[in-house]
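Here, residue 1 is the first one in the sequence, and each next residue gets the next number.
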Amino acid sequence: MAKSAFPAPQITLTREQARHFLLAHQFLLPPRSLSGKAGAVEIMRRLGCIQFDPVNVVGWNPDLVLQARLKDYTSSMLDELLYSDRVFWDGFDKVQSIYLTEDWPHFSRRRTHALENQRFPEEEVQGLQPLIIEKLRQSGPISSVDLEEKTQIGGFWGFPIRVERAALENLYQMGRIGIHHRVGTRRYFDLVENLLPVEFISTPDPHSSYEDYLDWHVLRRVGSMGLAVPIGGVEPWLGILGTKAEGRNKAIQRLLDRGELLHTSVEGLNGRSFMMRASEKALLETAINTSLPESAVTFLAPLDNFLWHRDLLRRIFDFDYTWEVYVPADKRKYGHYVLPVLYSDRFIARCEMVYERKSAALILRRWWWEENPPTGDAVEAVIGEGLAHFARYLQVRQFELASPAAEDPVLQRAAAMVKGVPEPMTPGNSVAKH
């Protein structure tokens with residue numbers, strides 16, 4: 001992270017205070033204090049969006065984000081919020097994301113940009129798009145396999161893509177169609193007017209200028225993280241339309257001038273700037289003046305909002321994490337899909353779990369302890385409770401400890417405490433549904 005170009009910080013935190021605020025902001029401290037769909041909406045209202053990713057090892061990324069924060073989460077809850085209640089929208093914010101449906105009007109400029117800069121401009125794609133709109137009007141929700149064309153064009157990351165899928169993708173990004181439901185990774189689309197309340201569709205862009213939009217989205221993105229680093233990383237700021245570091249910093253300065261952001265520093269990290277929303281100053285005061293609650297173990301998603309800025313994790317939590325799912329197998333330090341393990345206000349390990357759908361079993365395969373992990377019966381008990389919570393979220397029949405994790409005596413004792421794993425729900429409500 002480069003040194004700050006902003007005026008002097010308004011708040012200075014110790015590293016411990018920064019940790020506690022970040023965890024409280026992310027609904028991770030106190031652990032699993034929310035429940036139900038109302039709790040999921042409260043999470044989304046603060047964080048703005050949750051990143052979606054097609055990799056599903058122990059659930060989709062949004063499932064993992066929500067199970068870490070809700071005491072009673074199962075994947076059917078997200079399906080209902082997205083595709084029955086339509087309270088959540090399956091769209092774009094920070095890349096492919098889920099956000100509150102009520103935020104639809106704020107992304108008007110993004111949809112206009114997609115219309116004017118269609119990702120797949122090929123003639124055969126453009127010719128198919130009005131036919132898809134007409135088919136949706138006549139027949140209702142469809143997926144790309146319901147269309148008849150078989151031609152392929154250059155697609156994602158250099159891989160060919162069918163013309164039908166390209167046309168659906170264009171229409172989706174420009175806001176003509178939305179996701180009606182998912183079956184596995186397959187998306188079924190419908191016209192937006194059949195999915196959204198008319199008041200959202202008819203609401204004009206709330207932002208009268210590009211600067212107004214940019215200020216809104218930067219402030220929103222700071223809220224997605226809690227403490228945001230303005231310089232030194234592109235990934236946390238993805239999806240904010242048309243902005244680079246210079247424009248983003250100008251937006252941050254405007255928000256500082258208006259008192260909507262607070263420039264924050266952390267002791268021992270001289271010259272490093274962090275931004276927090278001024279509206280969360282009361283949450284900060286509560287977090288730094290409240291004793292740590294009873295410890296719990298929480299398993300975090302690789303793309304959890306809390307992990308978006310890896311350098312911040314290293315500096316404030318002494319935790320060095322890289323998601324290695326796209327790293328060649330022979331170059332991985334840990335594994336394909338590894339979950340950070342949070343204990344109270346520190347990371348104590350990372351682990352590799354898999355969900356075997358045929359047997360409805362959750363299997364803990366590998367576990368890597370961080371340096372100087374906590375010890376004792378109490379730690380083993382909360383690891384066992386954390387594993388049981390994770391198993392209940394997946395609605396598994398059984399929990400298994402496999403080698404090499406099975407060789408760890410601490411995990412042996414913790415696994416023996418995993419109780420209360422229910423029978424799986426019907427296939428329609430299982431983790432594999434969406």
Open item on the list: Checking Leu255 against Arg258 for the side-chain contact (heavy atoms from CB on, under 4.5 Å) test, could you report, in this order, the C-alpha distance in whole Å, the side-chain angles of both residues, the deciding distance, and whether it holds?
Closed with: CA-CA 5 Å; Leu255 292 164; Arg258 294 202 297 268; 3.4 Å; yes

TODO: Keeping the roles fixed (side chain from Glu280, backbone from Phe21), state whether a donor-acceptor pair exists under 3.5 Å.
DONE: no

- [ ] Evaluate the criterion salt bridge (charged side-chain N to carboxylate O under 4.0 Å, His left out) for residue pair Lys244 and Glu246; output intermediate values, then yes/no.
- [x] CA-CA 6 Å; Lys244 297 185 184 296; Glu246 181 181 1; over 6 Å; no

Open item on the list: Is any side-chain heavy atom of Leu339 closer than 4.5 Å to one of Met353?
Closed with: yes

Task: Main-chain N/O of Val145 paired with Arg186 side-chain donor or acceptor, under 3.5 Å - done: no

Open item on the list: Looking at Glu211, I'd like to know if its CD atom is crowded, meaning that more than 12 non-hydrogen atoms belonging to other residues, nucleotides or ligands lie closer than 6.0 Å.
Closed with: no

- [ ] Go through the steps to decide whether Phe317 and Phe306 satisfy the test ring pair (Phe, Tyr, Trp, His ring centres under 6.0 Å), and finish with yes or no.
- [x] CA-CA 11 Å; Phe317 287 86; Phe306 182 43; 5.2 Å; yes

Task: Salt-bridge contact Arg366-Glu352 (side-chain N to carboxylate O under 4.0 Å) - done: yes

TODO: Give, for atom CD1 of Ile348 and atom CH2 of Trp369, the distance between the pair rounded to the nearest 0.5 Å.
DONE: 5.0 Å

Open item on the list: I'd like to know if the side chain of Asp257 pairs up with that of Gln253 as donor and acceptor (distance under 3.5 Å, no hydrogens or angles considered).
Closed with: yes

TODO: Determine whether more than 12 heavy atoms belonging to other residues, nucleotides or ligands lie under 6.0 Å from atom CD of Glu294.
DONE: no

TODO: List for me each residue that meets ring pair (Phe, Tyr, Trp, His ring centres under 6.0 Å) alongside His106, sequence neighbours excluded, and say none if there are none.
DONE: His207, Trp216

Task: Side chain proximity check, Gln67 to Leu394, heavy atoms < 4.5 angstrom - done: no

Open item on the list: Looking at Val327, is its backbone amide N or carbonyl O close enough to the side chain of Arg332 to form a donor-acceptor pair, meaning the two atoms are under 3.5 Å apart?
Closed with: yes

Open item on the list: Taking Leu364's backbone N and O only, do any of them form a donor-acceptor pair with Glu400's side chain (distance below 3.5 Å, no angle check)?
Closed with: no

Open item on the list: When you measure from the side chain of Asp304 to the backbone of Leu300, do you find a donor-acceptor pair of N or O atoms at a distance under 3.5 Å?
Closed with: no

Task: Spatial distance of atom CD1 (Ile240) from atom CZ (Arg110) [nearest 0.5 Å] - done: 10.0 Å

Task: Tyr172 and Phe92 aromatic ring geometry - parallel, tilted or perpendicular at 30°/60° bounds - done: tilted

Task: His180 side, atom NE2; Leu195 side, atom CG - distance, nearest 0.5 Å - done: 6.5 Å

Task: Polar side-chain atom of Tyr337 near backbone of Asn56 as donor-acceptor pair, under 3.5 Å - done: no

- [ ] Considering only NZ, NE, NH1 and NH2 on the basic side and carboxylate oxygens on the acidic side, decide whether Asp377 and Arg413 come within less than 4.0 Å.
- [x] no

Open item on the list: Return the CZ to CG distance between Phe88 and Leu66, rounded to the nearest 0.5 Å.
Closed with: 6.5 Å

Open item on the list: Can you pull out every side-chain hydrogen bond (donor to acceptor under 3.5 Å, both in side chains) where at least one residue sits in residues 31-55? Sequence neighbours excluded, please.
Closed with: Arg32-Thr298, Arg32-Glu385, Lys37-Glu80, Lys37-Asp85, Arg45-Glu102, Gln51-Lys94

Open item on the list: Quick check against the 3.5 Å criterion: does Asp72 have a side-chain atom that pairs as donor or acceptor with the backbone of Gly36?
Closed with: yes

TODO: Applying salt bridge (charged side-chain N to carboxylate O under 4.0 Å, His left out) between Asp320 and each of Arg310, Arg315, Arg314, Arg350, report the one that passes.
DONE: Arg314

Open item on the list: How close do Gly39 and Leu34 get, counting heavy atoms only, and between which atoms?
Closed with: O-CD1, 3.8 Å

Task: Least distance between heavy atoms, Asp103 atom then Phe107 atom - done: O-CD1, 3.4 Å

Task: Minimum heavy-atom distance Ser295-Val382, with the two atoms named - done: O-CG1, 3.5 Å

Open item on the list: Closer than 3.5 angstrom, by distance alone: can the side chain of Tyr393 be matched with the main-chain N or O of Lys71 as a donor-acceptor pair?
Closed with: no

- [ ] Would you check if Pro9 and Thr264 make a side-chain contact, meaning some heavy-atom pair closer than 4.5 Å?
- [x] no

Open item on the list: For Ala278 versus Gly259, what's the shortest heavy-atom pair and its separation?
Closed with: CB-O, 3.1 Å

Task: Arg220 and Asp215: CA distance, side-chain angles, deciding distance, salt bridge (charged side-chain N to carboxylate O under 4.0 Å, His left out) verdict - done: CA-CA 8 Å; Arg220 172 188 177 89; Asp215 292 355; over 6 Å; no

Open item on the list: Could you report the tightest heavy-atom contact between Ile43 and Phe27, atom names first, then the distance?
Closed with: CA-CE1, 3.7 Å

TODO: Would you indicate whether the side-chain heavy atoms of Phe52 and Trp60 approach each other to under 4.5 Å?
DONE: yes

Task: Validation row: Val218, Arg221 side chains within 4.5 angstrom (heavy atoms) - done: no

- [ ] Could you give me the CA-CA distance, side-chain angles and deciding distance for Glu324 and His336, then say whether side-chain hydrogen bond (donor to acceptor under 3.5 Å, both in side chains) is met?
- [x] CA-CA 6 Å; Glu324 298 180 305; His336 163 256; over 6 Å; no

Open item on the list: Among Arg187, Arg176, Arg119, exactly one meets salt bridge (charged side-chain N to carboxylate O under 4.0 Å, His left out) together with Glu169. Which residue is that?
Closed with: Arg187

Task: Arg346 with Asp318: basic N within carboxylate O range, under 4.0 Å - done: no

- [ ] To the nearest 0.5 Å, tell me how far Leu262 CG sits from Lys281 NZ.
- [x] 6.5 Å

Task: Backbone N/O of His113 and side chain of Asn117: donor-acceptor pair under 3.5 Å - done: yes

- [ ] Search all heavy atoms of Pro31 against all heavy atoms of Pro293 and return the closest pair with its distance.
- [x] CD-CG, 4.1 Å

TODO: Nearest 0.5 Å please: distance from the CD1 atom of Ile11 over to the CZ atom of Phe274.
DONE: 13.0 Å

Open item on the list: Could you work out, with ring pair (Phe, Tyr, Trp, His ring centres under 6.0 Å) as the rule, every residue matching Tyr343, not counting sequence neighbours?
Closed with: none

Open item on the list: If we ignore hydrogens and angles and just use 3.5 Å, is the side chain of Ser97 paired with the main-chain N or O of Val95 as donor and acceptor?
Closed with: yes

Open item on the list: So Leu219 and Arg277, do their side chains get closer than 4.5 Å, heavy atoms only?
Closed with: yes

Task: salt_bridge(Arg182, Asp90) N-O dist < 4.0 Å - done: yes

- [ ] Report yes if some heavy atom in the side chain of Leu269 is under 4.5 Å from a heavy atom in the side chain of Ile316; otherwise report no.
- [x] yes

- [ ] Answer whether the closest heavy-atom distance between the side chains of His263 and Leu256 falls below 4.5 Å.
- [x] yes

TODO: Using distance alone, with no hydrogens and no angle criterion, decide if Tyr213 and His217 have a side-chain donor and acceptor under 3.5 Å apart.
DONE: yes

